[in-house]
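In what follows, a structure is listed as structure tokens, so that the remarks can point back to it.
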Amino acid sequence: MKGKFSFNKLLHNSKLMAVVSIITALGIWAAVHSASSEDVITITKTANLSLDNTYAGNTGLKIYSGASQQVDVRVRGSLFVIYKLNDSNFDIKGDYSEIKGVGDWNVTLSASKIGEQTGFTIEEVIPNKVRVFCDYEDKKTFTISPNIRDISVKEGTGYQLGTPVVEGEGVENGTIKIQGPRSVLSKIATISAEIDQPQKISEVTTFKANLVAYDESGKQVDISLCTFEGLASAENKVNVIVPVQVKRRVEFTYKYNNIPPGLMNLKSFINISPSYVEIIGTPEQVDTFAGDIANLGTFDFNHISLEDRQKKISLNIPQGIAVIDGTTEVTVTFNMENFTSKTISMSLNSNNTLVIRRPAGRNWELATQKINVKLIGSKKSIDKIKENNLSAVIDMADDATTGVREFRATIKVSGFDDVWVYYGESEPSGYPIFINVR
């Protein structure tokens, strides 16, 4: 059949068979040549050097610089073998016998095979010697000093910078632990928090800051081989919180009850020392607490005796507010020079006793009762005062309860304006008396 393929004719085509023979011979030659020839290649590997389980390491030494090295491993072998190799087929070891202590040392490197691959040899490691720095590990705690010299308060606010606070992972009460080579840590005198972008502020502001080490002369110490314990940021970053504060003068104030009229206008009779303090704190705190700090309370002369001529009143300064001069208490002095006390026995009766707010529809009967009234005042008045200068007031408070009941009698002094009645340190004002209510 016309056009039918004939394999027999193809085999008897002498020209075609000559070409096929040549191509086949070349392929066989190339395969044999490749299998028998050698080549040299270089494989790059990272060598991680460590003093673990070495004499130097057992003494406490540690490699701080040069522990990670990029080396080239030069190998020779069959082309079919070496081009299949990678860095996992090699182990790089160091000879640490020269390391004797702190300093820079040479470490000789060698390479060995890993795995079952054969058909190649390791000719050399390049470089075969590297330099490492060794030191003993140390750890110290430093107080962080925030550097706010380039921070200022905006004009016109009347504020001033407060005490900055450092916060961050690993920072505890303004301190941080740093670990690293002993030779480096021994140079550090201070750790400073250097603010990245200082600016003018008018409210509490948080800044990012770098931790920088300085020696005693103020020269920066290279701490690139050190780490801060617990600090999350690999860049040695912390936060510096800078508050603004306001200063205010606080004049002390007080109130008084039951003061004799003759002493009421004598400014020298009650002396406050100091009469004021200057406080500093955040504007919000100062506005909130200034009034509380200023108020010394109420002086009730019904409970002030000769022994109370001087009182110490503690200032309850809230946290966050500071008194500039450090005052913690105020001294209150009552000018009782030439003052004395006297006790007068007083008989209460209907003539010298006034009953107020008596309940409607009730009768009452006051049996004669004696009370001992303690008076305090200027000596010239106390010497002259008599029982007839005293009177009593009883407040029934519109209470219609019947029976013999206890009330309080407060005593009034007439004829002397510099004398008061002392009822005791903390007892209720008034003496107990009994009235029969019907």
List the atom pairs, with distances to 0.1 Å, where a side-chain N or O of residues 358-368 and a protein N or O form a donor-acceptor pair under 3.5 Å, not counting sequence neighbours.
| from | atom 1 | to | atom 2 | distance (Å) |
| --- | --- | --- | --- | --- |
| Arg362 | NE | Ala400 | O | 2.8 |
| Glu365 | OE1 | Arg438 | NH1 | 3.0 |

Q: State, yes or no, whether a side-chain contact exists between Gln245 and Pro283 at a heavy-atom distance under 4.5 Å.
A: no
**Q.** Min side-chain heavy-atom separation Lys311-Phe334 under 4.5 Å
**A.** yes
Q: Please identify each residue that fulfils side chain to side chain contact (heavy atoms under 4.5 Å, CB included) with Ile344, with sequence neighbours left out.
A: Lys342, Leu375, Ile385, Glu387, Leu390
Q | Spacing of Thr59 atom OG1 and Leu51 atom CG [to the nearest 0.5 Å] | A | 8.0 Å
Q. Distance-only, no hydrogens or angles: does the Asn295 side chain make a donor-acceptor pair with backbone N or O of Asp292 under 3.5 Å?
A. no
Q: State whether the side chain of Ser65 and the backbone N or O of Ile63 hold a donor-acceptor pair below 3.5 Å, judged by distance alone.
A: no
Q: Check whether more than 12 heavy atoms from other residues, nucleotides or ligands sit under 6.0 Å from atom CG of Asn53, and answer yes or no.
A: no
Q. Looking at residues at least two apart in the chain, or sitting in another chain, which of them share a side chain to side chain contact (heavy atoms under 4.5 Å, CB included) with Thr282?
A. Glu284, Gln285
Q.
Between Thr328 and Val323, is there a side-chain heavy-atom distance shorter than 4.5 Å?
A. no
Q) Does Lys380 have any side-chain hydrogen bond (donor to acceptor under 3.5 Å, both in side chains) partners at least two apart in sequence or in another chain, and if so, which? A) none
Q | Side-chain heavy atoms of Trp105 within contact of Lys100, under 4.5 Å | A | yes
Q. Would the number of heavy atoms belonging to other residues, nucleotides or ligands and lying under 6.0 Å from CD of Glu216 be above 12?
A. no
Q. Are any side-chain N or O atoms of Thr175 and backbone N or O atoms of Glu172, one a donor and one an acceptor, separated by less than 3.5 Å?
A. yes
Q) Is a side-chain N or O of Thr205 found less than 3.5 angstrom from the main chain of Ile201, in a donor-acceptor match? A) no
Q.
If the threshold is 4.0 Å, N to carboxylate O, is there a salt bridge linking Asp399 and Arg357?
A. no
(Q) Checking Tyr96 against Val132 for the side-chain contact (heavy atoms from CB on, under 4.5 Å) test, could you report, in this order, the C-alpha distance in whole Å, the side-chain angles of both residues, the deciding distance, and whether it holds? (A) CA-CA 10 Å; Tyr96 307 105; Val132 298; 6.0 Å; no
(Q) For a quick test of reading the model, state the closest non-hydrogen atom pair linking Val242 to Pro164 and the distance between them. (A) CG2-CB, 4.3 Å
Q.
For residues 137-160, which residue pairs pass the salt bridge (Lys or Arg N to Asp or Glu O under 4.0 Å) check, not counting sequence neighbours?
A. Lys62-Glu137, Lys139-Glu229, Glu155-Lys200
Q | Minimal non-hydrogen separation, Ser305 against Met336, with atom names | A | O-CE, 3.6 Å
Q) If you count the non-hydrogen atoms of other residues, nucleotides and ligands that lie under 6.0 Å from CD in Gln319, is the total more than 12? A) no
(Q) Within the structure provided, determine whether Thr108 and Asn106 are in side-chain contact (heavy-atom separation under 4.5 Å). (A) no
**Q.** Steps toward side-chain hydrogen bond (donor to acceptor under 3.5 Å, both in side chains) verdict (Glu194, Asn210)
**A.** CA-CA 5 Å; Glu194 307 285 338; Asn210 294 305; over 6 Å; no
**Q.** Results of side chain to side chain contact (heavy atoms under 4.5 Å, CB included) for Asp52 - residues two or more places apart only
**A.** Ser50
Q) With Lys312, which residues qualify under side-chain hydrogen bond (donor to acceptor under 3.5 Å, both in side chains), at least two apart? A) Thr331
Q.
Applying side chain to side chain donor-acceptor pair (under 3.5 Å) as the test, list every pair that has at least one member in residues 114-130; sequence neighbours left out.
A. Arg74-Glu123, Arg76-Glu123
**Q.** Residues forming a salt bridge (Lys or Arg N to Asp or Glu O under 4.0 Å) with Asp300, sequence neighbours excluded
**A.** none
Q) Which residue pairs pass the ring pair (Phe, Tyr, Trp, His ring centres under 6.0 Å) test with at least one member in residues 238-258, sequence neighbours excluded? A) Tyr254-Phe299
Q. Do any N or O atoms from the side chain of Ser381 and from the backbone of Gly377 form a donor-acceptor pair under 3.5 angstrom?
A. no
Q. Do the side chains of Val75 and Ile41 get nearer than 4.5 Å, heavy atoms only?
A. yes
Q. Within the side chain of Ser414, is there an N or O that forms a donor-acceptor pair under 3.5 Å with the backbone of Asn389?
A. yes
Q: Run the numbers on Ser314 and Glu329 for side-chain hydrogen bond (donor to acceptor under 3.5 Å, both in side chains), then give the verdict.
A: CA-CA 4 Å; Ser314 296; Glu329 64 180 15; 4.6 Å; no
Distance-only donor-acceptor pairs under 3.5 Å for side chains of residues 79-91, two or more places apart:
| from | atom 1 | to | atom 2 | distance (Å) |
| --- | --- | --- | --- | --- |
| Tyr83 | OH | Asp39 | OD2 | 3.1 |
| Asn86 | OD1 | Ser88 | N | 2.9 |
| Asn86 | OD1 | Ser88 | OG | 2.3 |
| Asn89 | OD1 | Asn86 | N | 3.0 |

Q: Could you pull out the closest heavy-atom pair between Ala294 and Val250, with the gap in Å?
A: CB-CG1, 3.3 Å
Q | Closest approach of Leu231 to Lys237 (non-hydrogen atoms, all atoms of both residues) | A | CD1-O, 3.4 Å
Q.
Tell me whether Glu307 is salt-bridged to Arg309, with the criterion being a basic N under 4.0 Å from an acidic carboxylate O.
A. no
(Q) Which heavy atom of Phe407 sits nearest to which heavy atom of Met396, and what is that distance? (A) CE2-CA, 3.8 Å
(Q) side-chain hydrogen bond (donor to acceptor under 3.5 Å, both in side chains) for Asn271 and Asn335? Distances and angles first, verdict last. (A) CA-CA 8 Å; Asn271 181 62; Asn335 187 12; over 6 Å; no
Q: Give the C-alpha distance, both sets of side-chain angles, the deciding distance and a yes or no for side-chain contact (heavy atoms from CB on, under 4.5 Å) between Ile148 and Ile195.
A: CA-CA 7 Å; Ile148 60 170; Ile195 291 174; 3.9 Å; yes
(Q) For the backbone of Tyr159 and the side chain of Thr157, can you confirm whether one donor and one acceptor N or O come within less than 3.5 Å of each other? (A) yes
Q: Return the minimal non-hydrogen interatomic distance between Ala193 and Val240, and the atom names on each side.
A: CB-CG2, 3.8 Å
Q: Please tell me if the side chains of Val125 and Asp72 come closer than 4.5 Å, counting only heavy atoms from C-beta onward.
A: no
Q. Out of Ile92, Ile126, Leu109, Thr42, which one pairs with Val73 under the side chain to side chain contact (heavy atoms under 4.5 Å, CB included) rule?
A. Ile92
Q) Residues two or more places apart in sequence or in another chain: which of them pass side chain to side chain contact (heavy atoms under 4.5 Å, CB included) with Glu425? A) Tyr422
Q) Any sub-3.5 Å donor-acceptor pair from Lys113's side-chain atoms to Phe120's backbone N or O? A) yes
**Q.** Donor-acceptor pair, side chain of Asn236 and main chain of Leu211, under 3.5 angstrom
**A.** no
(Q) Main chain of Ser347, side chain of Asn352: is a donor-acceptor contact present, judged purely on distance under 3.5 Å? (A) yes
Q) How about Trp420 and Asn258: do any of their side-chain heavy atoms sit closer than 4.5 Å? A) no
**Q.** From CA spacing to verdict: salt bridge (Lys or Arg N to Asp or Glu O under 4.0 Å), Glu251, Arg249
**A.** CA-CA 7 Å; Glu251 303 277 352; Arg249 174 174 168 141; 2.7 Å; yes
